[in-house]
**Student:** 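First, the structure itself, so that you have it in front of you.
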Amino acid sequence: MANKAYRFRIYPNNEQSAFLAKCFGCSRFVYNHCLRITTDFYAQSKKSLRYKEWAKLLVSLKSEFEWLPEVYSQSLQQTFKDLKSALTWVFQKLGGFPNFQTRSDRQSFRYHKTFQYMRKAISAESRNINGMLKSRKL
C-alpha cells in the first residue's frame with residue numbers, strides 16, 4: 001500500500017499564526033534538545049539514545065518548561081521520529097550528521113492524521129480548514 005500525503009498552503013489569521021509559531025518553536029526546541037543530549041550521551045558511552053528515552057524525557061521537559069504543553073504532544077512525538085530517522089541515516093552511513101534547527105530554516109511540524117484546532121474538528125483530508133487553507137484541485 002502506498003502512502004499518500006497532502007501539501008497545503010495556509011493563510012492563517014493572527015491568532016492562528018501565533019499558535020503555528022508556538023508549534024514551530026516547540027518542535028525545533030525538542031529536536032535540538034534531544035539531539036544535544038543524544039550526542040553528549042554518545043560521546044561518553046558510545047551508545048545512542050532511542051525513542052523510548054526521548055519520550056520519557058518529554059514528560060520531564062513539559063514540567064520544566066511551562067510553555068511546552070501548549071502545543072500538541074503528537075507533533076512533538078513526530079519530532080522524535082524525525083530525529084530517529086536522521087540518526088538512522090548516520091549510523092547506516094547513508095548521510096551526514098543532522099544539523100541543529102534554526103529559525104531561519106524551513107519552519108515545519110507534522111501532525112498525525114486528524115487533529116482539532118480552535119475547537120473545530122479538522123480532517124487532514126479536508127480542503128478548507130477554518131477558511132485558512134487554499135489548495136489547488138487534486
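Being a predicted model, the structure only gives us computed values, none of them experimental.
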**Student:** Report all side-chain donor-acceptor pairs from residues 53-63 shorter than 3.5 Å, counting only partners two or more places apart or in another chain.
**Tutor:**
unit_1 : atom_1 : unit_2 : atom_2 : d
Glu53  : OE1    : Arg50  : N      : 2.8
Trp54  : NE1    : Thr38  : OG1    : 3.0
Ser60  : OG     : Leu57  : O      : 2.8
Ser63  : OG     : Ser60  : O      : 2.8

**Student:** For Gln16 versus Pro12, what's the shortest heavy-atom pair and its separation?
**Tutor:** OE1-CA, 3.3 Å
**Student:** Classify the ring geometry between Phe29 and His33 as parallel (under 30°), tilted (30 to 60°) or perpendicular (over 60°).
**Tutor:** parallel
**Student:** Supply the atom-to-atom distance Leu20 CG to Glu15 CD, rounded to the nearest 0.5 angstrom.
**Tutor:** 11.0 Å
**Student:** At their closest point, which heavy atom of Gln77 faces which heavy atom of Tyr51, and how far apart are they?
**Tutor:** CB-OH, 3.6 Å
**Student:** Closest heavy-atom contact between Ser27 and Ser75?
**Tutor:** OG-O, 4.2 Å
**Student:** Does a side-chain heavy-atom distance below 4.5 Å link Val30 with Leu68?
**Tutor:** yes
**Student:** Check this for me: Trp67, atom CH2, are more than 12 non-hydrogen atoms of other residues, nucleotides or ligands nearer than 6.0 Å?
**Tutor:** yes
**Student:** Between the main-chain N or O of Arg36 and the side-chain N or O of Thr39, is there a donor-acceptor pair closer than 3.5 Å?
**Tutor:** yes
**Student:** To the nearest 0.5 Å, what is the distance between CG (Leu35) and CG (Asp82)?
**Tutor:** 12.5 Å
